[in-house]
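Everything below concerns the one structure shown next.
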Amino acid sequence: GDPRVDLPPFRRLTPAAQGITNADSLKLWLPGKTVAVSATILHGPPLSPEYELIRSHFQNQKPIQLTRCYAVYRLPPASPN
């Protein structure tokens, strides 16, 4: 993996550390963020249920940028209710 993933301004997305345990918690965490999702998470073998949530959320979205290893997505901020 890219060693810069743990250096500012980046932050590693570890579902358990961010409290992402289901689709609702993922949707609460994502607004306003720019997220780089690895090709392994998007297209690799099955992973833990939390990573499968991430895969299913991003697989049908259009990334703003592709690299050899990552698809980058920019999520709009949450709309005020």
In Å, rounded to the nearest 0.5 Å, how long is the span from [atom1] of [X] to [atom2] of [Y]?
| X | Y | atom1 | atom2 | value |
| --- | --- | --- | --- | --- |
| W29 | L13 | CH2 | CG | 4.5 Å |
| Q65 | Y70 | CD | OH | 13.0 Å |
| L30 | L26 | CG | CG | 4.0 Å |
| F58 | L42 | CZ | CG | 8.5 Å |
| Q61 | L75 | CD | CG | 6.5 Å |
| I54 | Q59 | CD1 | CD | 12.0 Å |

### Message
Taking side-chain contact (heavy atoms from CB on, under 4.5 Å) as the definition, give me every residue that meets it alongside S48, ordered by chain and number, with sequence neighbours left out.
### Response
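Per chain and number, S48 pairs via side-chain contact (heavy atoms from CB on, under 4.5 Å) with E50, Y51.
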
#### Entry: Linked, directly or transitively: F10 and V37 (ILVMFWY side chains, under 4.5 Å)
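Per the 4.5 Å side-chain linkage, F10 and V37 are not co-clustered.
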
Which heavy atom of [X] sits nearest to which heavy atom of [Y], and what is that distance?
| X | Y | result |
| --- | --- | --- |
| R74 | T34 | NE-OG1, 3.3 Å |
| P77 | P31 | C-CB, 4.0 Å |
| L66 | P63 | CD2-CG, 3.6 Å |

### Query
Can you check whether G44's main-chain N or O pairs, donor with acceptor, with R55's side chain at less than 3.5 Å?
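Pair found, side chain donor or acceptor close to backbone of G44.
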
### Query
Hey, does the side chain of T14 reach the backbone of A17 with a donor-acceptor pair shorter than 3.5 angstrom?
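Answer holds: no.
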
### Query
Hey, are the side chains of H57 and E52 touching, using non-hydrogen atoms and a 4.5 Å cut-off?
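Contact flag for H57/E52 side chains = no.
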
### Atom NZ of K33: over 12 foreign heavy atoms under 6.0 Å
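Yes, because the 6.0 Å sphere around NZ of K33 holds more than 12 heavy atoms from other groups.
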
